[in-house]
Amino acid sequence: MNFVEELRWRGMLHDIMPGTEEKLNSGVIAGYIGFDPTADSLHVGHLTQIMTLIHFQKAGHKPYALVGGATGMVGDPSGKSEERNLLSADILNHNQACIKAQLEKFLDFGCGANSAEMVNNYDWFKEFSFLDFIRDVGKHLTVNYMMAKDSVKKRLEGDSGLSFTEFSYQLIQGYDFYYLWKHKGCFLQMGGSDQWGNIVTGTELIRRKDRGEAFALTTQLIKKTDGTKFGKTESGAVWLDPARTSPYKFYQFWLNASDDDAKNWIRIFTLKSKEELEALDAEHAAAPNLRVLQKALAKDITIRVHSEADYETAIKSSEFLFGNGSIDFLTGMSDDNLLGIFDGIEQFNISKEELSAGINIVDLLGDKAKVFPSKSEAKKMIQGGGVSLNKAKVGGVEEVINHSSLINNKFIVAQKGKKNYYLLIVE
RNA sequence: GGGGAGGUUCCAGAGCGGUCAAAUGGGACGGACUGUAAAUCCGUUACUUCGGUUUCGAAGGUUCGAAUCCUUCUCUCCCCA
């Protein structure tokens, strides 16, 4: 199956420039996707692009992953309703290095003709002077053309304005495409559907400047069926960096997908074949409460992004925390094993002296251990019946906690709502 | 440079001298129901030693009393030059 067909049946394809498919079928084609270093880790929102590159390479083409050292300095207005703050050079350097390391996990950089390659647009922009740029690049596109882009139009219509810096972003990205086309034989740029305008600026630049031909392909923006934003949890974005989002939380994120979402996402974020997926669909439909789809999805991605071992740990934690395992399960367990289960779950340290005197539950969770940002909030949540200690609901705000709550003389398991666990370590 | 409109609690957006910790909607969080799903219903949504304390762009001022009136400053948007 060719690349475009693959994306199509998986529901990933959004838009494709006429002729792209023919070009791809003509042989090994080089294509690229850019990642801007706005943070020092990618998040699950980037995963679609990563999967696109993986499919691209699997189909025999040559993928380039571009890290936007230069574009990151400018800021893409696409999809942003307000002017963005510029990042400092130091932060950008750090971010670039981290993102590069993450991307290296997903593609094959040593397989001959279609080995993946990493490039950084800062390399060709650092020596490019402003005057040269506006003469060599800016001259080929009219402002009229640039203003017609949705990303720009929205900002002009809105009431927060658009700086010249962000306005020129599309030219920078357009030039990237030109550069890669000219020097690396890169014929295709891919990206999320919000990148269509930027990508087309590139093909247009190639056409006008060198009468060359280049192509564009965009993928669907991943949404949840309930219309809310994909990739967010109560604690923010879901990152690929285990230091930002632990493998356990990462696993939980996917496991919590709704049935509809799981069905769509498993097609996008795993490499499972059509047959496998249909079998899973059927299995899920027969017994939805087993959540076969969610489990398969979470397993596949957790292993790809983290590791088999991280997946195993996440499973163990999940089974204990969400299974009907009673708190007794922990009793007598070695500290190391217990901490293993709580690996990736937020932990707080409490001194033994404080506890031995007895601590009011609100002081404990709202102050000593910041399970809640303030005591008021802790109080409200307890009154609302949303807090448990060692899997038993906290009765009221007057409860005093002391030694008797300790598990193995050292731990207390706190729960905010059903899904949020915290481990208090007393020593 | 000239003229106009504005900056309110996470967001949008009311309030226009006391009854305002501030309507309403959204979001978020929690509860019930479930399958750690969806839908639905309900509750919470500044801090607190529960006496109070700090909030409505900033600083002053008027008043018994201001988010609401006045002054200056500041930021944003729009129109004109």
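Note on naming: letters A, B, ... go to the chains in the order of the sequence lines (proteins, then strands), and numbering restarts at 1 for each one.
- The neighbour count for A:Lys272 NZ, taken as heavy atoms of other residues, nucleotides or ligands under 6.0 Å away, is above 12.
- The aromatic ring centres of A:Tyr175 and A:Tyr178 sit less than 6.0 Å apart.
- With RNA chain B read from its 5' end, the first of the two nearest nucleotides for A:Lys393 and A:Leu290 is the one closest to A:Lys393.
- Between the NZ atom of A:Lys419 and the P atom of B:A28 there is a distance of 12 Å, given to the nearest Å.
- Between A:Phe269 and A:Trp265, the ring planes are perpendicular. Angles over 60° get that label, and only those under 30° would be called parallel.
- Side-chain N/O atoms of A:Gln173 and A:Thr201 include no donor and acceptor closer than 3.5 Å.
- For the contact set between residues 374-389 of chain A and RNA chain B, defined by any heavy atom under 4.0 Å, the members are A:Ser374, A:Lys375, A:Ser376, A:Glu377, A:Lys379, A:Lys380, A:Met381, A:Gly384, A:Gly385, A:Gly386.
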Q: State the dot-bracket string of RNA chain B. Criteria: Watson-Crick or G-U wobble, both atom distances under 3.5 angstrom; notation: ( ) intrastrand, [ ] crossing earlier pairs, | interstrand, . unpaired.
A: (((((((..(((.....[.....)))((((((.......))))))((....))...(((((..]....)))))))))))).
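- Regarding A:Lys416, its NZ atom lies at a distance of 13 Å from the C1' atom of B:U44, rounded to whole Å.
- At whole-Å resolution of the value, CH2 in A:Trp265 and P in B:A37 are 14 Å apart.
- Within residues 361-372 of chain A, no residue places a heavy atom under 4.0 Å from RNA chain B.
- A:Phe177 has its ring centre less than 6.0 Å from the ring centre of A:Tyr32.
- A:Phe320 carries A:Lys391 over the face of its six-membered ring, with the cationic atom under 6.0 Å from the centre and within 45° of the normal.
- The separation between A:Leu297 atom CG and B:G35 atom P is 21 Å, rounded to whole Å.
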